[in-house]
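The structure appears right after this line, and notes come after that.
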Amino acid sequence: MSASIMLEKKYNPNDVEPRIHQKWMDENAFRAGANASRKETFTIMIPPPNVTGALHVGHAFNNTLQDVLIRWHRMRGFDTLWQPGQDHAGIATQLQVEKMLKQNQLPSRRDMGREKFLEKVWEWKGKYGDTIVNQLKRLGASCDWSRNAFTMAGAPGDPGTGHENSPNFHDAVIKVFVDMYNKGLIYRGKRLVNWDPHFETAISDLEVENIEVDGHMWHFKYPLAGGETYTYVERDEDGNIVLEEERDYISIATTRPETMLGDGAVAVHPSDERYAPIVGKLCEIPVGPKEHRRLIPIITDEYPDPDFGSGAVKITGAHDFNDYQVARRNNIPLYVLMDTKGHMRTDGWSYVESAQMAKAIAQKKREAPEDVSAINLVPEHLRGLDRLEARKKVVAEITAEGLAVMVEQTRTDKETGEETRVRVPYVENKKIMQPFGDRSGVVIEPMLTDQWYVDTAKIVEPALAAVREGRVEIMPESGEKVFFHWLNNIEPWCISRQLWWGHQIPVWYDDEGKEYCASSLQEAQAMAPGKTLTRDPDVLDTWFSSGLWPIGTLGWPNWTEETRKYFPTDVLITGQDILFFWVARMMMMQQAVVGEDPFHTVYLHELVRDEKGRKMSKVTGNVIDPLEIIDEFGADALRFTMAQMASVGGFLKLSTNRIKSYRNFVTKIWNAARFLEMNDCYRVEGFDPKTVSMPLNKWILGALPRVVAEIDRGLESLHFNDSANAAYEFVWGTFCDWYIELAKPTLQGEDGPQKDETRATAAYVLDQILLLLHPFMPFVTEELWAETGKTGPERTAMLVVSDWPDLAGLESPEAEDELNWLVDLISGIRSVRAEMNVPAGARIPLVVVGASPETQTRISTHTDAIRRLARITDLETAPDVPEKAAQLVLGEAVYALPLGDVIDVDAEKARLNKEIGAVEKEVAQIERKLSNQQFLAKAPERVVTEQKTRHADLSERHEKLKKALACLG
RNA sequence: GGGCGGUUAGCUCAGUUGGUAGAGCAUCUCGUUUACACCGAGAAUGUCGGGAGUUCGAGCCUCUCACCGCCCA
């Protein structure tokens, strides 16, 4: 057969990838159970990307790892399912659609109404919702796309586009809500929640980001009621009086003056002696119309820190989480000041009415009603203002009235340079932690509202037990600690959202406000005969439905035999940032609903950052778009880079440089395949790798089981980087750099059995390489699988559904020793040549001295290879080292390169001396150990023997090097 | 303030039960030898953050200090 070049000179991923992907789809290669040959299943649930999402590097990383595992298991014959799908992403999607409406100058969400708006959302989903699915396909994600699921599937109005076969997620979500409600695991309550004034909805603790910003701390005087006074005494650490004065006020520090309007009390620490004389008395809030100033009590509570500010804290229960706790402990009313947009309230009673009522409550002349929401303590002139505007006015008013705490400040006149002392309000500039909505970016306002909660404390234990008892392993291990810490201190989970896009809460209210929880209006009506029912307008937190992802995508509550076998799933791979959002909640909810752990292993990974370790952001301009990377370097290069970065718990820093180097690896494989093709290395029918006879072939075949084992071990333990590195090293470092080079003399020499054997072996090893690399680089390997399948025996299947190599029994220690020797020899000669400045192109003779018969046999076996790779002309044996020769000591023999007058004797001496020095250093180290009685007595036998052997080898080498040095005179 | 990590070659990072410190990239030198310059050959590079301890032996275990991250208040 003649060498006909079929492979393109260059591999072009842009042409190949879409074609290969289509073939996979045509062959149903990703279908659940494809290539299954055993009973064990392997299931991964994709972390559902938002339906609004576009593929970013985080997805690329995350899904590459999942795909590697999936492809590996599929090839190993597991009954494999990678379940894809998307999340309806309440806030994000609603926002996106509202934006679209605005751009197209359509009526706004509120103008068109709920039903019409939801229609628009579904329309939008059908149009743009498959973006990320198509992008995942470009990455090569081998999900069973025919099962693409959606967390809103089956909800009213669902036209089913893009998730045609999705189980009815909506029914599952509603059922879970009703069940949990009936079990008392879900309840409704008026609580302080994180309120997003932009989206006008409650959000959970986890959706709040606390960011340190520049803020101010104002200090104000709250006058005591009736002009009362007390002696204010301040002491230093030793109890000496540093300040003593009569005061008719108590000093309060606050970062939020506008909330003073809703103060219900002033609190001091019970141990704080400064304020002991006035505890229990009333003081006046220094804002609002003077004639209707409110009086509030001075109380004690453990919360105030005596060393912070003045030690006295104003308590605004409806607008601060800490104050809320204090207010509840001390039965202080919670006065709401703001509306859903974060503006000062305009509803409720007039200020005068409200103030009088509040005053009566404070003076205990009246019992506070349970619901104080009608009381609006915002003075008329501040009503309707944004809270920040209101803040400015409040500060100005208090200051004008002389109730701000003042300090002296020195001011220098710019022109005259004259210094004057002025008294100014005491305002500290300080960093304060401010809560922001992670989606909206606006300042979050604690807001007192009615919301639905999951009583997480009641369902947390099984999730904790799962990890504690090792049923669920979290990687890296530090993740488990974080998991325990959070779950052990879990707070109720607020699950209602004041949005429209989402699963509407299945609760109806009658006219008296009594609630009926049921799967449908009919059922609810049956519970409330003759009553007019109104449905709760709120929807569920998106994470409530994502929490059901494992069972929901598999069709719960209907279990078919097929879906039953894929649950529980196996490995969950996700970003550590959603450990609480999603992972912990899935564990709690699957346990609460079906009493099982949803998976046995959780692999958490870091955020993918840029090469400098910075977060990628549009603002910084350091975003790497995976699709651009795929366009430029191919999906395989990106995937291999991702796998290679994936050390457990490691930081993920991505640079295009790195991707480029793995693109080079793809090219390398391509070229190796081209080389084999050019040399007629075709697969041979019935080739049995156990029957080869040449050491070179035995060696490369013997190295295969080891690399398979390394890759297996890495993937088994989710050390993707280890597997990737092992594959890379074998393919490039062993197969290309040595095997192919060493095989060249045979391949390009005389025809005969040796050439045939080498050709067959090379083709066989390439096949194994394609199999091994496939999980990491599916496209180029599949393409080469097809190309190399054009000759030799016909391929029975695409690579994606071929079997993972099982090569036990190919190991060959003798061939390994022999080839290791050969590689050392050639490397040694090359090294000497380079250091002796022998021109790279020059061919020189080699004289072997003192070789054992075995070595001599080896030399004659590999003469051609040595000649070629070490650029040697004559290869002869001699009893003595010739004059003017550079010498290489390897094993028992010395290899001399007679360089004649070319040799620089001093350079050669220096080279040998350097080597001798290194050997001596090591020998000394070992001798220190061996002469240590403690070491001999206590170290394990194995270690001692090892050291002794090493010592012997090094000593021999040392002697030979010395002798070589002596030869030089 | 609480919790969890990190500190190893110029850079990015491996180092799985304590026993000869590694890789990739970058750097330098040489080289077009018909698979590959997206290549080949060779070289240089480390008081494994500081200190103390346990041990025959510590990058790895313990304590401590310093600095840097992240999460939660």
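Order of the sequence lines fixes the chain letters, A, B, ..., with proteins taken first and strands second; residue numbering starts at 1 for each chain.
- Between Phe640(A) and Tyr662(A), the ring planes are tilted. Angles from 30° to 60° get that label.
- Annotation: A44(B) and U27(B) have their C1' atoms spaced 9 Å apart (nearest Å).
- When distances are taken from the side chain of Tyr728(A) to each of G24(B), C36(B), G19(B), the shortest belongs to G24(B).
- For the C1' atom pair drawn from U17(B) and A73(B), the interatomic distance equals 37 Å after rounding to whole Å.
- Among the atoms of the strands shown, base atoms are found under 4.0 Å from some heavy atom of Arg871(A).
- Nearest-nucleotide positions on RNA chain B for Glu946(A) and Asn932(A) put Glu946(A) closer to the 5' end.
- Residue Ser827(A) has its side chain nearest to G42(B) when only G42(B), C56(B), A35(B) are considered.
- The side chain of Phe935(A) sits closest to G19(B) out of G40(B), G19(B), C38(B).
- With a cut-off of 3.5 Å on both pairing distances, the Watson-Crick or G-U wobble partner of C70(B) is G3(B).
- Positionally, the nearest nucleotide of RNA chain B for Arg713(A) lies more toward the 5' end than for the other of Arg713(A) and Trp738(A).
- Under the Watson-Crick and G-U wobble criteria, each requiring two contacts below 3.5 Å, nucleotide A58(B) is left unpaired.
- For a distance-only test at 3.5 Å, the side chain of Arg658(A) fails to qualify as a donor-acceptor partner of the base of C25(B).
- In the set C36(B), A43(B), A14(B), A43(B) carries the atom at the smallest distance from any side-chain atom of Ser831(A).
- Interatomic distance, Asp680(A) CG to Lys755(A) NZ, rounded to the nearest 0.5 Å: 8.0 Å.
- The partner of A14(B) is absent, by the rule that a Watson-Crick or G-U pair needs both atom distances under 3.5 Å.
- A salt bridge between Glu677(A) and Lys790(A) is absent, with no side-chain N of the basic residue lying under 4.0 Å from a carboxylate O of the acidic one.
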### Task
Please lay out, stage by stage, how Tyr11(A) and Phe779(A) fare under the test ring-ring contact (aromatic ring centres under 6.0 Å, His included).
CA-CA 11 Å; Tyr11(A) 172 66; Phe779(A) 292 103; 9.1 Å; no

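- Below 30°, between 30° and 60°, or above 60°: for Phe580(A) and Trp486(A) the angle between ring planes is below 30°, a parallel geometry.
- Salt bridge annotation for Lys744(A)-Glu741(A): present, with a cationic side-chain nitrogen under 4.0 angstrom from a carboxylate oxygen.
- Across all strands shown, C30(B) forms a Watson-Crick or G-U wobble pair with G40(B), both key distances being under 3.5 Å.
- Listed candidates were A14(B), A43(B), A41(B). Nearest to the side chain of Asp737(A) is A41(B).
- Considering only side-chain atoms of Ile740(A), the nucleotide from A35(B), C56(B), G24(B) that sits closest is A35(B).
- Of the candidate nucleotides G40(B), G42(B), A14(B), A14(B) has the atom lying nearest to any side-chain atom of Asp722(A).
- Put simply, Lys10(A) has no side-chain N or O that comes within less than 4.0 Å of OP1 or OP2 on C38(B).
- The partner of U45(B) is absent, by the rule that a Watson-Crick or G-U pair needs both atom distances under 3.5 Å.
- The side chain of Pro940(A) lies closest to G19(B), out of C39(B), G19(B), A35(B).
- No contact: Arg833(A) has no heavy atom under 4.0 Å from any strand.
- Heavy atoms of Arg830(A) sit under 4.0 angstrom from primed sugar atoms or phosphate atoms, though from no base atom.
- Separation of the P atoms belonging to C11(B) and C72(B) is 31 Å when rounded to the nearest angstrom.
- Of the candidates C38(B), C56(B), A35(B), the closest approach to any side-chain atom of Thr667(A) belongs to C38(B).
- Evaluation of atom-type donor-acceptor distances gives a pair under 3.5 Å for the side chain of Lys668(A) against the base of C36(B).
- For Glu741(A), the listed nucleotide lying nearest its side chain is C36(B); candidates were C56(B), U34(B), C36(B).
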